[in-house]
Amino acid sequence: MQPRIPKQSAHEHGIQRMDNDARLSDELASVVGGARRRAVRDGDRQIDTAHLLHSLLESDPEARAVFGEGPQIARLLGYLVQRSIGYGLRWQSGVEDSGAVPVVTEAAGFSPLAAACMEYACERAAGRGGPARGTDLLAAIAVDPQARAVEVLERAGIDPHEVIARLDGWSGLAEECGEATC
């Protein structure tokens, strides 16, 4: 029996690997791999911030915990699922780039904004002395108001500034405790 959806490789879509980057924690490398698979499955040419956010929420319990339990996380996941089944069709023809951040060209397969977010996450983690984690990427995603992930957050009724404030509060608390979480 042949599958209804032809198998597509990331190489066919020009979405190359960044998940073997030593600056990423194992968990974040897994998130990037999931975002790549989602982009290929959706027929998108590039991994964008919404792909990264969706994969973060599915794969990273620490990033998911930022949103708490209950209706807020359910609504957010609902919007992300809608995005993958049609809500994001208007995004397929364009490249995600707010122009607010410099274009990072080394991360082929990522939208310019998603590549900049990955770089920012690595820089944020370097300041801590460790590899980038999912919460570093979540902070990077929530910063730019033009990011597709921020649009999804806002449609779900989540203020990206509150997300950043929670993450900054957590990182300060984690530094005081000397652990990732207290």
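- Once rounded to the nearest 0.5 Å, the distance linking CG of Leu56 with CG of Leu137 reads 5.0 Å.
- Minimum heavy-atom separation, Pro160 to Val150: CG-CG1, 3.7 Å.
- For the atom pair CZ (Arg36) and CG (Leu52), the distance works out to 10.5 Å, reported to the nearest 0.5 Å.
- Put simply, Leu57 and Val32 are part of the same group of oily side chains (I, L, V, M, F, W, Y) that touch within less than 4.5 Å, one to the next.
- Note that the CG atom of Asp60 and the OG atom of Ser30 stand 9.0 Å from one another [nearest 0.5 Å].
- When the side chain to side chain contact (heavy atoms under 4.5 Å, CB included) test is applied to Glu123, the partners found at least two apart in sequence or on another chain are Glu119.
- In this structure, CG in Leu113 is found 10.5 Å from CD in Gln46, a value given to the nearest 0.5 Å.
- Other members of the hydrophobic cluster containing Ile164, listed by chain and number, are Val143; membership follows side-chain contacts under 4.5 Å among ILVMFWY residues, whether direct or relayed.
- At least one donor-acceptor pair closer than 3.5 Å links the side chain of His51 to the backbone N or O of Asp48.
- Checking side-chain atoms of Ser59 against main-chain N and O of Ser55 turns up a donor-acceptor pair under 3.5 Å.
- Closest approach of Ala22 to Pro131, counting heavy atoms only: O-CB, 4.4 Å.
- Inter-residue side-chain proximity for Arg64 and Ile73 is flagged as met; some heavy-atom pair is nearer than 4.5 Å.
- Judged as a side chain to side chain contact (heavy atoms under 4.5 Å, CB included), and not counting sequence neighbours, the contacts of Val163 are Val66, Phe67, Leu138, Ala142, Ile158, Leu167.
- One finds the CD1 atom of Ile47 at 8.5 Å from the CE atom of Met118 (value rounded to the nearest 0.5 Å).
- Every residue was checked against the salt bridge (Lys or Arg N to Asp or Glu O under 4.0 Å) condition with Glu154, not counting sequence neighbours, and none meets it.
- The CD atom of Glu58 sits 7.5 Å away from atom CG of Leu77, with the distance rounded to the nearest 0.5 Å.
- Ion pairing between Arg124 and Asp168 holds under the 4.0 Å rule for side-chain N and carboxylate O.
- At a threshold of 4.0 Å, the pair Asp136-Arg128 counts as salt-bridged, since one of the basic side-chain nitrogens sits closer than that to a carboxylate oxygen.
- Closest approach of Ala121 and Ala132 over heavy atoms only: O-CB, 3.7 Å.
- The main-chain N or O of Ala147 is never found under 3.5 Å from a side-chain atom of Thr49 such that the two would form a donor-acceptor pair.
- When hydrophobic residues (I, L, V, M, F, W, Y) are linked wherever their side-chain heavy atoms come within less than 4.5 Å, Tyr120 remains an isolated member.
- Residues Cys122 and Leu24 have side chains in contact (heavy-atom distance under 4.5 Å, counting atoms from C-beta outward).
- Between Arg133 and Glu27, none of the side-chain N atoms (NZ, or NE/NH1/NH2) sits under 4.0 Å from a carboxylate O, so this pair counts as no salt bridge.
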